[in-house]
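Worksheet: the structure to be examined is printed underneath.
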Number of protein chains: 2
Amino acid sequence: MNENVFKAMADPTRRKIIELLKEGPKTAGEIATHFSHAQPTISRHLNVLKNANLVADQRNGTYIIYRLNTTVLQDWLAWLLERFGGSGNDDEE
Amino acid sequence: MNENVFKAMADPTRRKIIELLKEGPKTAGEIATHFSHAQPTISRHLNVLKNANLVADQRNGTYIIYRLNTTVLQDWLAWLLERFGGSGNDDEE
DNA sequence: TTATTATATAGCCATATAGCTAAATAGTAA
DNA sequence: TTACTATTTAGCTATATGGCTATATAATAA
């Protein structure tokens with residue numbers, strides 16, 4: 001499992017960005033309005049998410065639209081469940 | 001959701017410790033043998049996990065036995081699933 | 001071309017993290 | 001008491017992180 005995904009998800013601002021993008025794609029500016037941080041700070045968080053492949057970006061004129069890489073997020077969750085889900089005993093449930 | 005759990009789970013050494021403890025309680029020393037890090041380094045990782053309430057410790061003579069706080073781990077997974085699982089659309093599946 | 005808007009990058013600072021070695025602590029036993 | 005074992009804590013270093021402001025870039029419009 002990609003270490004970058006864990007690091008990306010470990011930050012509350014980035015988790016909130018992920019939640020926002022679950023609603024649908026949004027521009028960097030629109031995302032930034034949801035936070036009290038400076039715009040470059042959000043840009044950096046977006047870049048961390050991009051490096052983890054959790055989001056993808058696409059330029060549209062002067063805007064840059066970010067969208068969630070749903071499968072990467074779901075794969076991460078599935079991986080977590082597989083490793084850490086269940087009781088841990090051999091004789092499950 | 002407790003921020004400490006995210007930070008704790010973001011480190012690969014600590015995730016491996018969690019996996020080891022899923023097999024059953026282990027002493028600090030036994031845990032340390034599974035890694036190539038110095039023993040105090042593992043002790044610090046165990047302390048991070050303890051602060052996140054992911055593990056509990058109990059002294060037994062000169063040994064200290066660590067065990068997994070299964071419910072905390074499961075609650076974290078459930079929380080993740082709830083926030084980030086699913087497609088994100090309103091008209092689910 | 002110049003100006004404007006949206007966004008990213010650079011550079012800085014303060015704090016956090018993860019590793020190490022050395023020393024302290026806790027329990028047991030002689 | 002002394003000695004030994006298991007473990008933690010202290011103190012250090014190097015690197016990473018997350019915030020900021022200032023600047024650069026890209027696209028569009030005049």
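So that the names make sense, note that chain A is the first sequence line, chain B the second, and so on, each numbered from 1. Just so you know, these numbers come straight off a predicted model, no measurement behind them.
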With sequence neighbours excluded, residues passing side-chain contact (heavy atoms from CB on, under 4.5 Å) with [X]:
X	answer
B:Ser43	B:Gln39
B:Ala78	none
A:Ala32	A:Ile42
A:Asn51	A:Asn47

Heavy-atom contact window of chain B on DNA chain C, given 5' to 3' at under 4.0 Å | C:dA18 to C:dT28
Using a cut-off of strictly less than 4.0 Å between a heavy atom of the residue and any atom of DNA chain D, enumerate the qualifying residues of residues 55-63 of chain B by number.
-> B:Thr62, B:Tyr63
Go through residues 9-16 of chain A and report each residue with a non-hydrogen atom lying under 4.0 Å from DNA chain D, sorted by number.
-> A:Asp11, A:Arg14
Rounded to whole angstrom units, what separation is found between the [atom1] atom of [X] and the [atom2] atom of [N]?
X	N	atom1	atom2	value
B:Lys7	D:dA16	NZ	P	17 Å
B:Gln39	D:dT9	CD	C1'	11 Å
B:Phe6	D:dT17	CZ	C1'	18 Å

Output all residues satisfying salt bridge (Lys or Arg N to Asp or Glu O under 4.0 Å) with A:Glu3, sequence neighbours left out; order by chain, then residue number.
-> B:Arg15
Salt bridge (Lys or Arg N to Asp or Glu O under 4.0 Å) filter on A:Lys50, not counting sequence neighbours, yields A:Asp57
Please figure out whether B:Ser36 or A:Gly29 has its closest DNA chain C nucleotide nearer the 5' end.
-> A:Gly29
Provide the full list of side chain to side chain donor-acceptor pair (under 3.5 Å) pairs with a residue in residues 70-82 of chain A, sequence neighbours left out, each pair given once.
-> none
For residues A:Ala52 and A:Val5, report the shortest heavy-atom separation together with the two atoms involved.
-> O-CG2, 3.6 Å
Given the rule in the side chain to side chain contact (heavy atoms under 4.5 Å, CB included) test, do A:Leu81 and B:Leu81 qualify, once you have shown the distances and angles that lead to the verdict?
-> CA-CA 9 Å; A:Leu81 260 293; B:Leu81 260 293; 3.1 Å; yes
For A:Arg14, which residues count as a side-chain hydrogen bond (donor to acceptor under 3.5 Å, both in side chains) partner, sequence neighbours excluded?
-> A:His45
Here the residues of residues 41-53 of chain A within 4.0 Å heavy-atom distance, strictly under, of DNA chain C are A:Ser43
Tell me whether B:Met9 is reachable from B:Val48 by hopping between hydrophobic residues (I, L, V, M, F, W, Y) whose side-chain heavy atoms are closer than 4.5 Å.
-> no
Any side-chain heavy atom of B:Ile17 within less than 4.5 Å of one from B:Tyr66?
-> no
Quick one: label B:Ala38 by what it contacts on the DNA or RNA (base, sugar-phosphate, nothing), any heavy atom closer than 4.0 Å.
-> base
Under 4.0 angstrom, heavy atoms only, what part of the nucleic acid is A:Phe35 near: base, sugar-phosphate, or nothing?
-> nothing
Would you kindly check if the NZ (Lys) or CZ (Arg) of B:Lys16 is within the cone defined by 45 degrees around the ring axis of B:Phe35 and under 6.0 Å from the six-membered ring centre?
-> yes
